[in-house]
Amino acid sequence: MFNLILFGPPGSGKGTQSERLIAKYGFKHLSTGDLLRAEIANKTPLGLEAKSLMDKGQLVPDEVVIGMISSALDANPGVPGFLFDGFPRTTAQAEALDKLLSLKGSSIGVVLFLQVPDDELISRMVNRAKTSGRSDDADPAVLQKRLDVYKRDTLPVSVHYGQLEKVVEVEGVGTIDDIFEKLTAEIDARNN
Ligand code: B4P
């Protein structure tokens, strides 16, 4: 089993590239953002709590997302690997993920870290807001908050996996096809 984390700031293209990577490799896609938006769409109690935090640009509590990932891992035995998209977003989530995978005799193969400057991130999310209907993309103050939270709480995840020598930085500006090619080259160099 080969597991990878697609890592990067909000709007760096994790969701966009994940779609293509799962189509090519057959990984099971686990996006905590998508899982949370499904809870919101179904108006579950968890979804209601998550929506109020997401609309403010804040993270949902660790125990909620760790619980979701733990259930998803158990529900998908026998897959060729998992692609984690938007998770882990805190060091506590990373440590929990490492433990969950080790209980299954597995681990993270590589962390692909998309590098995109802040002004490009903001412009992408503002554009996405026009079509996605995502309320967390519409307000510039919320976008700035999401970038601040990323730098404070999520960037340390790259340090955690950097210490394990698992992080590969990939230029995230360019055409979607070019970035996809760079990501697949890194995966193919490790997953054989
Ligand atoms: P997510 O759903 O993870 O979304 P994201 O980080 O905003 O976007 P992503 O990087 O996937 O960008 P995309 O491909 O869409 O998180 C949303 C919220 O959920 C968080 O703020 C948080 O509140 C909560 N949450 C999620 N996971 C959590 C966790 N683990 N713990 C706690 N809370 C959690 O790309 C963005 C735009 O750019 C798109 O419009 C796309 O078309 C465009 N684009 C992509 N690639 C491009 C390129 N190469 N050039 C130009 N544009 C490009």
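All residue numbers in this chain count up from 1 along the given sequence. The basis for the numbers below is simple: all heavy atoms, side chains too, and nothing from hydrogens, waters or symmetry mates. One-based numbering, in listed order, for ligands and for the atoms of each.
Although no hydrogens or angles enter the test, the distance criterion places no donor-acceptor pair under 3.5 Å between the side chain of Ser102 and the main chain of Gly105.
Atoms CG and CD1, on Leu30 and Ile5 in that order, are 11.5 Å from each other to the nearest 0.5 Å.
Counting side-chain heavy-atom gaps under 4.5 Å among Ile, Leu, Val, Met, Phe, Trp and Tyr, the cluster of Val149 also holds Leu59. Under the 4.5 angstrom side-chain criterion for Ile, Leu, Val, Met, Phe, Trp and Tyr, the cluster partners of Phe27 are Phe2, Leu4, Leu6, Leu21, Ile22, Tyr25, Leu83, Val110, Leu112, Leu114, Val168, Val170, Ile179, Phe180, Leu183, Ile187.
Looking at heavy atoms from C-beta onward, Glu95 lies in side-chain contact with Thr91 at the 4.5 angstrom threshold.
Residues with a heavy atom under 4.0 Å from ligand 1: Pro9, Pro10, Gly11, Ser12, Gly13, Lys14, Gly15, Thr16, Thr32, Gly33, Leu36, Arg37, Met54, Gln58, Leu59, Val60, Val65, Gly86, Phe87, Arg89, Gln93, Arg124, Arg128, Arg134, Asp136, Arg146, Gly174, Ile176, Ile179.
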Could you pull out all donor-acceptor pairs under 3.5 Å where a side-chain atom in residues 137-147 meets a protein atom, sequence neighbours excluded?
residue : atom : partner : partner atom : Å
Asp137  : OD1  : Arg128  : NH2          : 3.1
Asp137  : OD1  : Arg146  : NH1          : 2.8
Asp137  : OD2  : Arg128  : NE           : 2.6
Asp137  : OD2  : Arg128  : NH2          : 3.3
Asp139  : OD1  : Ala141  : N            : 2.9
Gln144  : NE2  : Asp148  : OD1          : 3.1
Arg146  : NH1  : Asp136  : O            : 2.8

